[in-house]
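This report refers to the structure that appears directly beneath it.
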Amino acid sequence: IVCWNALLSAFALKGQLEEAKRVFYAMPQWNYFSWNLMLSAYVKKNLIHDALELFLRLDEQDTVTRNTMLSGFGQSGDIDRAKKLFDQMPEWSLVSWNSMLAAYAHVGDLSSTLKVFETMYCRDLFSWTTLLAAWSQTWNLEESKKIFDAMPERNLVSWNTLLYAYAHFGHIYEMEAFLSEMPEKSLVSWNILLAGYGQRKKFKAASSVFNNMVQRDSISWNQMLGAFAQKGYLLEAVRFLDRMPKLGMASWNTLLVAFAHNGHHCTALDLFSVMLLNGFEVDEISLICVLIACSRAGRFQRARVFFHSIQTDF
RNA sequence: ACUCUACUUUGUAAU
């Protein structure tokens, strides 16, 4: 069973859901590890309904099982279910508390986040960083800085969290100052810088960061694409697509938004058709972009038709 | 037993 689980975990943790499922159902028997791995595979893909279905079918659950489900509810923003599960748990580990904390932080419920944080019997780096992340979604950057300074210990993620707060709200000067104090930087740090420069339309700074990055992931590329889009450099953005190693839904949506916001409504609609024709995944963001494009182009009829088709087609 | 928790990319919040 350990071998089966090892195989299962290889797929489950890599996000290879179909393969994981195949292994899971082919196994001669299961234990907690198998269940938790499979559950975690669903949660990682944000397939909360599938996760819940599996969760309810399990006759035995341990703390890890419940924590996994709890974090699934949290990341999907289902606070009610998260809270209910948390309250019903026979015992709580620090991870349970941290997951509940993250659930509140995720939906921006600061007072509940703080209440949980204060109730916790002990706190670790995760707890503190989650608290910091909750506050970093607000304009109150001074308060975030206070939390950061109050932390008993910090790691790269904590640094990145506050760095992102500066970037996200366009405080470029503080962002740069903070960056220079960072003891180490990761790919995420540079991606955050790209976000900050992009947000303030500092295209040159963004591309200079981008060109100097030793490693780039799809987020870096999308971020840079977004920097073109922010500036309204649509032609360049399209040309940039050719250089991108991998195009995903976020890339297409970025373009969709760029077209919709720069008066190229028809192009946006065309792009959407191309996405559908090619069988690309679309999500609710793509759909909203299309509605915005329609309304800005004055194509109310088309918007209405489209709106109705959403309910049937998607 | 590499089973669970924190950081980065796309939309909306006008009166």
Side-chain angles (χ1 to χ4, degrees), chain A residues 1-10 12-14 30-41 43-44 51 61-72 74-75 92-103 105-106 113 123-134 136-137 151 154-165 167-168 185-196 198-199 216-227 229-230 244 248-258 260-261 282-293:
Chain A
I1 185 156
V2 172
C3 293
W4 280 97
N5 280 340
L7 186 61
L8 177 59
S9 95
L13 302 181
K14 284 231 166 173
W30 298 307
N31 65 6
Y32 286 118
F33 270 81
S34 344
W35 295 325
N36 295 341
L37 280 165
M38 196 59 230
L39 195 62
S40 161
V43 167
K44 282 211 169 71
Q61 307 162 348
D62 65 0
T63 303
V64 174
T65 321
R66 288 181 282 263
N67 288 342
T68 306
M69 197 62 240
L70 179 60
S71 82
Q75 68 178 259
W92 299 271
S93 68
L94 184 52
V95 173
S96 323
W97 283 92
N98 285 340
S99 303
M100 195 61 233
L101 194 66
H106 184 79
T113 305
R123 304 170 185 114
D124 66 359
L125 188 53
F126 279 72
S127 331
W128 278 96
T129 308
T130 304
L131 184 73
L132 177 63
S136 297
Q137 298 168 22
M151 291 175 72
R154 303 169 192 100
N155 66 2
L156 187 51
V157 174
S158 342
W159 282 89
N160 283 340
T161 302
L162 189 56
L163 183 70
Y164 178 68
H168 186 242
K185 295 150 187 100
S186 65
L187 177 58
V188 172
S189 322
W190 298 114
N191 286 345
I192 290 170
L193 270 206
L194 289 177
Q199 196 260 8
R216 306 178 186 101
D217 62 3
S218 60
I219 295 184
S220 327
W221 286 94
N222 286 335
Q223 202 88 251
M224 195 59 220
L225 181 67
Q230 284 283 344
M244 293 178 62
M249 196 167 57
S251 327
W252 298 116
N253 286 346
T254 302
L255 270 191
L256 218 45
V257 176
H261 280 172
V282 297
D283 64 359
E284 69 277 4
I285 296 181
S286 328
L287 302 178
I288 288 172
C289 290
V290 172
L291 286 175
I292 292 173

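So that the names make sense, note that chain A is the first sequence line, chain B the second, and so on, each numbered from 1. What you see is a predicted model; the values in this text were computed from it and never measured.
- Considering only the side chain of Ser99(A), U5(B) comes nearest among U5(B), U8(B), U10(B).
- Taking the 5.5 Å centre cut-off and the 30° plane limit, the aromatic side chain of Phe33(A) is classed as stacked on A1(B).
- Remark: C1' of U10(B) and CE of Met244(A) are 11 Å apart, rounded to the nearest angstrom.
- For the residue pair Asn67(A) and Ser96(A), a side-chain donor N or O sits within less than 3.5 Å of a side-chain acceptor on the partner.
- For Met249(A) and G11(B), the CE to P distance is 13 Å, given to the nearest whole Å.
- Listed candidates were C4(B), U9(B), U3(B). Nearest to the side chain of Ser71(A) is C4(B).
- Within the 4.0 angstrom heavy-atom criterion, only backbone atoms of the sugar-phosphate kind lie near Thr161(A); the bases stay farther away.
- The distance from the CG atom of Leu187(A) to the CG atom of Leu156(A) is 10.5 Å, given to the nearest 0.5 Å.
- The separation between Leu256(A) atom CG and U9(B) atom P is 18 Å, rounded to whole Å.
- In this structure, of G11(B), C4(B), A1(B), it is A1(B) that holds the atom nearest to the side chain of Asn5(A).
- Each of G11(B), C4(B), U8(B) was ranked by its minimum atom distance to the side chain of Val257(A); first place goes to G11(B).
- Counting any heavy atom pair closer than 4.0 Å across all strands shown, Asn155(A) reaches a base atom.
- At least one side-chain heavy atom of Leu13(A) sits less than 4.5 Å from a side-chain heavy atom of Leu37(A).
- Considering only side-chain atoms of Leu13(A), the nucleotide from G11(B), C7(B), C2(B) that sits closest is C2(B).
- Side-chain N/O atoms of Asn98(A) and base N/O atoms of A6(B) include no donor-acceptor pair closer than 3.5 Å.
- Checked against G11(B), C7(B), U9(B), the side chain of Ile219(A) finds its nearest nucleotide in U9(B).
- In this structure, of C7(B), U3(B), A6(B), it is C7(B) that holds the atom nearest to the side chain of Val188(A).
- Side-chain atoms of Asp124(A) and base atoms of A6(B) include no donor and acceptor less than 3.5 Å apart.
- Within the 4.0 Å cut-off from OP1 or OP2 of C4(B), not a single side-chain nitrogen or oxygen of Tyr32(A) is found.
- Atom-to-atom, CG of Asn31(A) to P of C4(B) comes out at 14 Å; the value is rounded to the nearest Å.
- The nearest whole Å value for the distance from the CG atom in Leu70(A) to the P atom in A6(B) is 11 Å.
- The shortest side-chain heavy-atom distance between Val157(A) and Val188(A) does not fall under the 4.5 Å cut-off.
- A straight line from CD of Gln230(A) to P of U9(B) spans 13 Å, rounded to a whole angstrom.
- Among the nucleotides C4(B), U9(B), U8(B), the one closest to any side-chain atom of Ala250(A) is U9(B).
- In this entry the distance linking CG of Leu94(A) with P of C4(B) reads 15 Å, nearest Å.
- Closest of all the heavy-atom pairs between Leu39(A) and Ala51(A) is CD1-O, 3.2 Å.
- The two residues Gly74(A) and Ala103(A) have their closest heavy-atom pair at CA-CB, 3.6 Å.
- Listed pair His261(A) / U12(B) meets the phosphate criterion, a side-chain N or O lying under 4.0 Å from OP1 or OP2.
- Distance, Leu156(A) CG to U8(B) C1': 11 Å, rounded to whole Å.
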